[in-house]
Amino acid sequence: MAITKRADDYSQWYLDLIFQAGLAENSAVRGCMVIKPTGFALWEKMQAALDRMFKETGHVNAYFPLFIPKSFLAKEEQMAEGFAKECAVVTHYRLKAIPGQGVIVDPEAKLEEELIVRPTSETIIWNTYKNWIQSWRDLPLLINQWANVVRWEMRTRLFLRTAEFLWQEGHTAHATASEAEEETRRMVEVYRQFAEEYLAMPVLVGPKSEGQKFPGAIYTLCIEAMMQDGKALQAGTSHFLGQNFAKAFDVQFTNAQGQREYAWATSWGVSTRLIGGLIMTHSDDLGLVLPPRVAPLHVVIVPIFRKEDEKLAVYEAAHTLAKSIREHPRSAWLNYEPITVKVDDREQHQPGWKFADWELKGVPIRIELGPKDLEKKTCVIARRDIPGKEGKQMGIPLEGAAQYIADLLPQIQRALFDKAKKFRDAHLRTANTYDEFKQMIEEPGFIWAHWDGQRQTEELIAAETKATIRCIPFDRPIEQGKCMVTGAPSHGRVIFARAY
RNA sequence: CGGGCCAUAGCGCAGUCUGGCUAGCGCGCCUGCCUUGGGAGCAGGAGGCCGCCGGUUCAAAUCCGGCUGGCCCGACCA
């Protein structure tokens, strides 16, 4: 029943929380999860906000096939190499029923060319773009897809790494390199904004090292977040693909000067992994803590009463209050969606049980309403981000409660971001020597260190310490130094950490 | 793919070593009473092919053989 404490076993806490809050569970299919209604509602909130931001930056949605002919994957060499080891492959198109033995794969029904279940859609999409792009006037092509993808991972963890996951993948085509690079940068900025303003999750933004970039990319920009155990989570990536895919799929257009050119590409994505990141950024030993801007339910009202007449009066007041909150003027801050409220009228549970239950579910605001409050025409408002007595405000007049809540939600959002940022910054440290680094990496957090820019050096560090370069932040200080391993010159520190 | 462990009620487990009684416990579920301002209490009740197949035995959850599924630890990863 009780959730494992974070301090005792962080990963067990994470799993306990997901099961008990009812976000997801393991399915009958190895490595694939069932996202339960509560978890999916969270995903829908994220989708809605992101989709809006994509549209505001000029993108439109489309949908491409789940299956990709095997030969497509081979056309872009780096991609084939990067994903070959984790692809699900469809080899047959039919089963055969054998009486008494169930079904077998019909050996007669072998596909001429195997189909890959998409691990990402660059190949099928660029194969399609070939037909869509002829002129510079067809560009830019700014398309996003909401989809599921499959990567056959050896070891999986709910939300963070599952064999199948939900995501969005943007795939754009541009007439010039600089336009595509601008797009790459624009979209990582959209992700930063989403992570920080909706998920209240502070992130570092910048390129990945050569060794960590996406297969097939010229470079990869990322947002990188720190979890409460000090490990890094890659929360979103935006890739500049150069002309790699245009060349692989022969996507050429005629420019304004009448010359044939290959198109320039970007791709960018975030996934249901963000739900894992959200959990590991804010939640506590009592359960989930949701930032108001992505919380499917903002307010829950717990009625308290003894006798039948009290019950009637309390319920009536609770529903009146709920109505006043729902009908409160909408704000841009919630994308003009209403504040969502639920009156917890479950008769089989007592108030104390309900308090704990809603804390587990992460609802940002809980209102307690009982006979004592009704006498004074007030209510008690409790903040999820400040558990216990300190987060309770007594004597809020029922009249002004809706306004109070409308004001409180942004404060909670802000407090969550500030707390997470304070934690992140407190766990950003600097190492000057490799010995110092090795010692520091055993403690939670990120480390700023000088690196010579060489892939082999990063690989050596990873092999010896399990730490990788997470990000080369755009806003890092310019600082001349020497690589902590090789002593070769470095023009600035990069961020190292152990990662999920 | 290497190493370790597990399979008994919806969930978590005991029982297996040393074969034998009606297979048990906690949580959850159902009914009723009582309670409700931080995870209440009492009473009654439902729920099992003991993973599957075979063997030993008068007798198997328990011993033996095989199979299947799952979990954990390592190498790969959004």
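So that the names make sense, note that chain A is the first sequence line, chain B the second, and so on, each numbered from 1.
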If we take the [atom1] atom in both [N] and [M], what is their distance in whole Å?
{"N": "B:G51", "M": "B:G45", "atom1": "C1'", "result": "29 Å"}
{"N": "B:U18", "M": "B:G28", "atom1": "P", "result": "38 Å"}
{"N": "B:G19", "M": "B:C58", "atom1": "P", "result": "15 Å"}
{"N": "B:G70", "M": "B:C34", "atom1": "C1'", "result": "44 Å"}
{"N": "B:C76", "M": "B:C67", "atom1": "C1'", "result": "30 Å"}
{"N": "B:G15", "M": "B:U62", "atom1": "P", "result": "15 Å"}
{"N": "B:C64", "M": "B:C17", "atom1": "P", "result": "9 Å"}
{"N": "B:U8", "M": "B:C13", "atom1": "P", "result": "9 Å"}

Please classify the nucleic acid contact of [X] as base, sugar-phosphate, or nothing, using heavy-atom distances under 4.0 Å.
{"X": "A:V380", "answer": "base"}
{"X": "A:T237", "answer": "nothing"}
{"X": "A:Q234", "answer": "sugar-phosphate"}
{"X": "A:K392", "answer": "base"}
{"X": "A:P303", "answer": "nothing"}

Establish whether the base of B:G38 is bridged to the side chain of A:R366 by a donor-acceptor pair shorter than 3.5 Å.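 Per atom types, the contact qualifies.
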Polar pair under 3.5 Å, donor/acceptor by atom type, side chain A:K354, base B:G37: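 There is none.
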Take A:C379 and A:F165, find for each the nucleotide of RNA chain B with the closest heavy atom, and name the residue whose nucleotide sits nearer the 5' end.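 In this pair, the answer is A:C379.
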Mapping A:G236 and A:L15 onto RNA chain B by nearest heavy atom, which one lands closer to the 5' end?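 Nearest nucleotide further toward 5': that of A:L15.
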Roughly, in whole Å, what's the span from [atom1] in [X] to [atom2] in [N]?
{"X": "A:L369", "N": "B:U36", "atom1": "CG", "atom2": "C1'", "answer": "14 Å"}
{"X": "A:Q348", "N": "B:G32", "atom1": "CD", "atom2": "P", "answer": "13 Å"}
{"X": "A:H239", "N": "B:A78", "atom1": "NE2", "atom2": "P", "answer": "9 Å"}
{"X": "A:D357", "N": "B:G38", "atom1": "CG", "atom2": "P", "answer": "16 Å"}
{"X": "A:K311", "N": "B:G37", "atom1": "NZ", "atom2": "P", "answer": "15 Å"}
{"X": "A:F19", "N": "B:C11", "atom1": "CZ", "atom2": "P", "answer": "12 Å"}
{"X": "A:F355", "N": "B:U36", "atom1": "CZ", "atom2": "P", "answer": "13 Å"}
{"X": "A:M33", "N": "B:A78", "atom1": "CE", "atom2": "P", "answer": "16 Å"}

Assess whether ring pair (Phe, Tyr, Trp, His ring centres under 6.0 Å) is satisfied between A:W268 and A:F54, documenting all intermediate values. CA-CA 11 Å; A:W268 28 273; A:F54 297 156; 5.2 Å; yes
Does a side-chain N-to-carboxylate-O contact under 4.0 Å join [X] and [Y]?
{"X": "A:E224", "Y": "A:K208", "value": "yes"}
{"X": "A:K231", "Y": "A:D229", "value": "no"}
{"X": "A:R346", "Y": "A:D357", "value": "yes"}
{"X": "A:E183", "Y": "A:R186", "value": "yes"}
{"X": "A:R498", "Y": "A:E442", "value": "yes"}
{"X": "A:E458", "Y": "A:R455", "value": "no"}
{"X": "A:R6", "Y": "A:D285", "value": "yes"}
{"X": "A:R366", "Y": "A:E359", "value": "yes"}

Within 45° cone and under 6.0 Å: A:R185 NZ/CZ vs A:F474 ring: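 Cation-pi check for A:R185 and A:F474: passes.
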Report yes or no: is the cationic atom of A:R273 (NZ for Lys, CZ for Arg) closer than 6.0 Å to the six-membered ring centre of A:F165, at no more than 45° off its axis?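 Geometry flag: not set, cation outside 6.0 Å or 45°.
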Does [N] pair with anything, Watson-Crick or G-U wobble, both distances under 3.5 Å, and if so, with which nucleotide?
{"N": "B:C13", "answer": "B:G24"}
{"N": "B:G44", "answer": "B:C30"}
{"N": "B:G38", "answer": "none"}
{"N": "B:G74", "answer": "B:C1"}
{"N": "B:G65", "answer": "B:C53"}

Protein-nucleotides 74-76 of chain B N/O pairs under 3.5 Å:
from	atom 1	to	atom 2	distance (Å)
B:G74	OP2	A:R155	NH1	3.1

Return the CD1 to CD1 distance between A:I18 and A:I279, rounded to the nearest 0.5 Å.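 If I round to the nearest 0.5 Å, the distance is 4.0 Å.
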Among A:H239, A:Q234, A:K213, whose side-chain hydrogen bond (donor to acceptor under 3.5 Å, both in side chains) with A:T220 holds?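 When A:H239, A:Q234, A:K213 are each tested with A:T220, the side-chain hydrogen bond (donor to acceptor under 3.5 Å, both in side chains) holds only for A:H239.
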Knowing that exactly one of A:D284, A:L416, A:V300, A:L290 qualifies, which makes a side chain to side chain contact (heavy atoms under 4.5 Å, CB included) with A:R384?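 Testing each of A:D284, A:L416, A:V300, A:L290 against A:R384, the sole residue satisfying side chain to side chain contact (heavy atoms under 4.5 Å, CB included) is A:D284.
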Contact residues, residues 217-233 of chain A to RNA chain B [heavy atom, < 4.0 Å]: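 Output list: empty, so none.
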If you count heavy atoms of other groups shown closer than 6.0 angstrom to CH2 of A:W152, is the number above 12?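 Incorrect, the count does not exceed 12.
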Of the listed nucleotides (B:G38, B:A78, B:G37), which one gets closest to any side-chain atom of A:R273?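 The answer is B:A78, which lies nearest to the side chain.
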Which nucleotide, B:A78, B:G37, B:G39, lies nearest any side-chain atom of A:T162?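 Of the candidates, B:A78 comes closest.
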Output one line per pair: protein atom, nucleotide atom from nucleotides 40-47 of chain B, and distance, for all N/O pairs under 3.5 Å.
from	atom 1	to	atom 2	distance (Å)
B:A40	OP2	A:Q350	OE1	3.2
B:A40	O4'	A:Q350	OE1	3.3
B:A40	N9	A:Q350	OE1	3.2
B:A40	N7	A:Q350	OE1	2.9

